[in-house]
Trainee: 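Submitted below is the structure of interest, expressed as structure tokens.
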Amino acid sequence: MNALRESVADDVWLLRRRAAPTAVMLEEIARIAADAPFRRLRTPGGGTMSVAMTNCGPLGWHSDARGYRYVDVDPGSGRRWPPMPERWRELAASAAAEAGFPGFEPDACLVNRYAVGTQMGAHRDYDERDLRQPIVSVSIGLPAQFLWHGATRGGSLVRVELLDGDVLVWGGRARAGYHAVKRIAAPDLIASAAADAPPTDETGEPLRYNLTFRRAK
Ligand code: MD3
Ligand code: FE
């Protein structure tokens, strides 16, 4: 069992292509974004994130001048976040179970959209109430270099290339670890000939999406 489960670090598991094919998920992302559009959030420090975000599920992650938090309505519209597709919830729960975290019931799914040149700096996810719950991440579209630092921001670095359909699960000792996504590179002609064409924005620019499933409350 679990021939496709790779250990990246203690309590960090990579399930290669576990979410492939991702075409249907792209349709679901488009449906979510039609209701709760992608937006670049402000940080408490006064910056603006390069990654655009939206959410689905009962709770959504939000950031503005007041800080980071989970909210049950989209501050952009005043309406509840769109529902989490049942298939997504099942995928997240079964991936968590395969990585050794049974009983995962996500109540939030943050959808990140990366254009070429965007990145996510080193950070920890600790806005969730119960840090014994894992996080499940699904990568879609352009490849990304994911950096795992562990307990400290400058800690021992593990680099993982995340490809379309890859699922990563963190929990236990890894749950509060620092991690980052390196600046997304323009598609490599040779590598992209071997992969499915990446999703694109309205102007034809290639994209990466990442879904992170969390138990926030
Ligand atoms: C590791 N997203 O949204 S996967 C994020 O690819 C985020 O968009 C990245 O980091 C992305 O916060 C990386 C998700 C992830 C989420 C939580 C973690 C990795 C984690 C918590 C602890 C360790
Ligand atoms: Fe994160």
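In what follows, every heavy atom counts, from backbone to side chain, and hydrogens, waters and symmetry copies are set aside. All ligand and atom numbering here is 1-based and tracks the order in the structure. Computed from a prediction, not measured in an experiment: that's the story for all the values here.
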Trainee: What residue and atom, counting heavy atoms only, is the protein's closest point to atom 19 (C) of ligand 1, and at what distance?
Mentor: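 Ranking protein heavy atoms by distance from atom 19 (C) of ligand 1, first comes W170 CH2, 2.9 Å.
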Trainee: When the ring planes of W88 and F213 are compared, do they come out parallel, tilted or perpendicular, using 30° and 60° as the limits?
Mentor: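 W88 vs F213 ring planes: perpendicular.
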Trainee: Does some non-hydrogen atom of L168 fall short of 4.0 Å from ligand 1?
Mentor: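 No, L168 has no heavy atoms under 4.0 Å from ligand 1.
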Trainee: Within the distance-only criterion (no hydrogens, no angle test), does the side chain of R208 pair as donor or acceptor with the backbone N or O of G141 below 3.5 angstrom?
Mentor: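 No.
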Trainee: Taking the side chain as every heavy atom from C-beta outward, state whether R39 and T54 have any pair of such atoms under 4.5 Å apart.
Mentor: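 Of all side-chain heavy-atom pairs linking T54 with R39, at least one is under 4.5 Å.
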Trainee: Considering only protein heavy atoms, which is closest to atom 4 (S) of ligand 1, and at what distance to one decimal place?
Mentor: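 Result for atom 4 (S) of ligand 1: S137 OG, 3.3 Å.
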Trainee: Going by an N to O cut-off under 4.0 Å, is there a salt bridge joining E28 and R87?
Mentor: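 No.
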Trainee: Which residue owns the protein heavy atom closest to atom 7 (C) of ligand 1, what's the atom, and how far is it?
Mentor: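 Answer for atom 7 (C) of ligand 1: M120 SD, 3.5 Å.
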Trainee: So if I count the atoms of ligand 1 from 1 in the order they appear, which ones are less than 4.0 Å from some heavy atom of L110?
Mentor: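 The list of qualifying atoms is 3 (O).
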Trainee: Identify the closest protein heavy atom to atom 13 (C) of ligand 1: which residue and atom is it, and at what distance?
Mentor: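 It is F146 CE1, 3.4 Å.
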Trainee: Tell me how many protein N, O or S atoms are closer than 2.8 Å to the Fe ion (ligand 2).
Mentor: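 My tally for this metal is 3.
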Trainee: Before accepting this row, confirm whether a basic side-chain N of the pair E98/R5 lies closer than 4.0 Å to the acidic partner's carboxylate O.
Mentor: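 Answer for the salt bridge query: no.
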Trainee: Assess the residue pair D164 and R17 against the criterion (salt bridge (charged side-chain N to carboxylate O under 4.0 Å, His left out)); give the C-alpha distance rounded to whole Å, side-chain angles, the decisive distance to 0.1 Å, and a yes or no.
Mentor: CA-CA 7 Å; D164 183 62; R17 301 282 293 166; 3.6 Å; yes
Trainee: Name the closest protein heavy atom to atom 14 (C) of ligand 1, giving the residue it belongs to and the distance to 0.1 Å.
Mentor: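 The closest one turns out to be T212 CG2, 3.3 Å.
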Trainee: For W148, take its heavy atoms, then give the atoms of ligand 1 lying under 4.0 Å from any of them.
Mentor: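 Counting atoms of ligand 1 from 1, those under 4.0 Å from W148 are 1 (C), 23 (C).
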Trainee: For atom 16 (C) of ligand 1, which protein heavy atom lies nearest, and how many Å away is it?
Mentor: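 Looking at atom 16 (C) of ligand 1, the protein heavy atom closest to it is I135 CG2, 3.6 Å.
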Trainee: Given D107, which partner from the list R215, R129, R214 fulfils the salt bridge (charged side-chain N to carboxylate O under 4.0 Å, His left out) test?
Mentor: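 The single option meeting the salt bridge (charged side-chain N to carboxylate O under 4.0 Å, His left out) with D107 is R215.
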Trainee: Flag D125 as yes when one of its N or O atoms lies below 3.5 Å from any N or O atom of ligand 1, and as no otherwise.
Mentor: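 Yes.
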Trainee: With heavy atoms of G177 as the reference, note each atom of ligand 1 found under 4.0 Å away.
Mentor: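 Contacts of ligand 1 toward G177, numbered from 1: 22 (C), 23 (C).
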Trainee: Measure the shortest side-chain to side-chain distance between W170 and V8 over non-hydrogen atoms and say whether it is less than 4.5 angstrom.
Mentor: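 With C-beta onward as the side chain, the pair stays apart.
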Trainee: Could you check atom 5 (C) of ligand 1 against the protein and tell me its nearest heavy-atom contact, residue, atom and distance included?
Mentor: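 Residue, atom and distance for the closest contact: R214 NH2, 3.3 Å.
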Trainee: Could you check whether any side-chain N or O of R16 sits under 3.5 Å from a backbone N or O of L14, counting only pairs where one atom can act as donor and the other as acceptor?
Mentor: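 Here the side-chain-to-backbone pair does not exist.
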Trainee: Below 3.5 angstrom, do we get any N/O pair linking N112 and ligand 1?
Mentor: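 Yes; the residue has a nitrogen or oxygen that sits under 3.5 Å from a nitrogen or oxygen of the ligand.
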Trainee: Nearest protein heavy-atom contact for atom 11 (C) of ligand 1: which residue, which atom, what distance?
Mentor: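 Of every protein heavy atom, Y114 OH, 3.0 Å lies nearest to atom 11 (C) of ligand 1.
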Trainee: With heavy-atom distances below 4.0 Å as the criterion, list the atoms of ligand 1 near A174.
Mentor: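 Result: 22 (C), 23 (C).
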Trainee: Going by atom types only, do S94 and R18 share a side-chain donor-acceptor pair under 3.5 Å?
Mentor: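 Looking only at side-chain atoms, R18 and S94 do form a donor-acceptor pair, the distance falling under 3.5 Å.
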Trainee: Assess the side chains of D125 and H179: does a donor N or O sit below 3.5 Å from an acceptor N or O?
Mentor: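 On atom types as modelled, these side chains qualify, holding a pair under 3.5 Å.
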Trainee: Is A144 close enough to touch ligand 1? Criterion: a residue heavy atom under 4.0 Å from a ligand atom.
Mentor: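 No; A144 lies far enough from ligand 1 that no heavy-atom distance drops under 4.0 Å.
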Trainee: Side chains of I29 and I140, heavy atoms from C-beta outward: is any pair under 4.5 Å?
Mentor: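 When only atoms from C-beta onward are counted, I140 and I29 do touch, with a gap below 4.5 Å.
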Trainee: Looking at every heavy atom in both L142 and P187, which two are closest together, and how far apart are they?
Mentor: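 What the structure gives for the nearest pair is CD2-CG, 3.8 Å.
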Trainee: Mark the output for R208 as yes if a heavy-atom distance to ligand 1 is under 4.0 Å, and as no if none is.
Mentor: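 Distance cut 4.0 Å: R208 passes for ligand 1.
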Trainee: May I ask you to check whether S139 and D166 show a side-chain donor-acceptor distance below 3.5 Å?
Mentor: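 No, no side-chain donor-acceptor pair sits under 3.5 Å.
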Trainee: If you measure every N/O of H123 against every N/O of ligand 1, is any gap under 3.5 Å?
Mentor: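 Such a contact does occur with ligand 1.
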Trainee: Is N55 close to D74 at the side-chain level, that is, under 4.5 Å between some pair of heavy atoms?
Mentor: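 Not touching, per the 4.5 Å side-chain cut-off.
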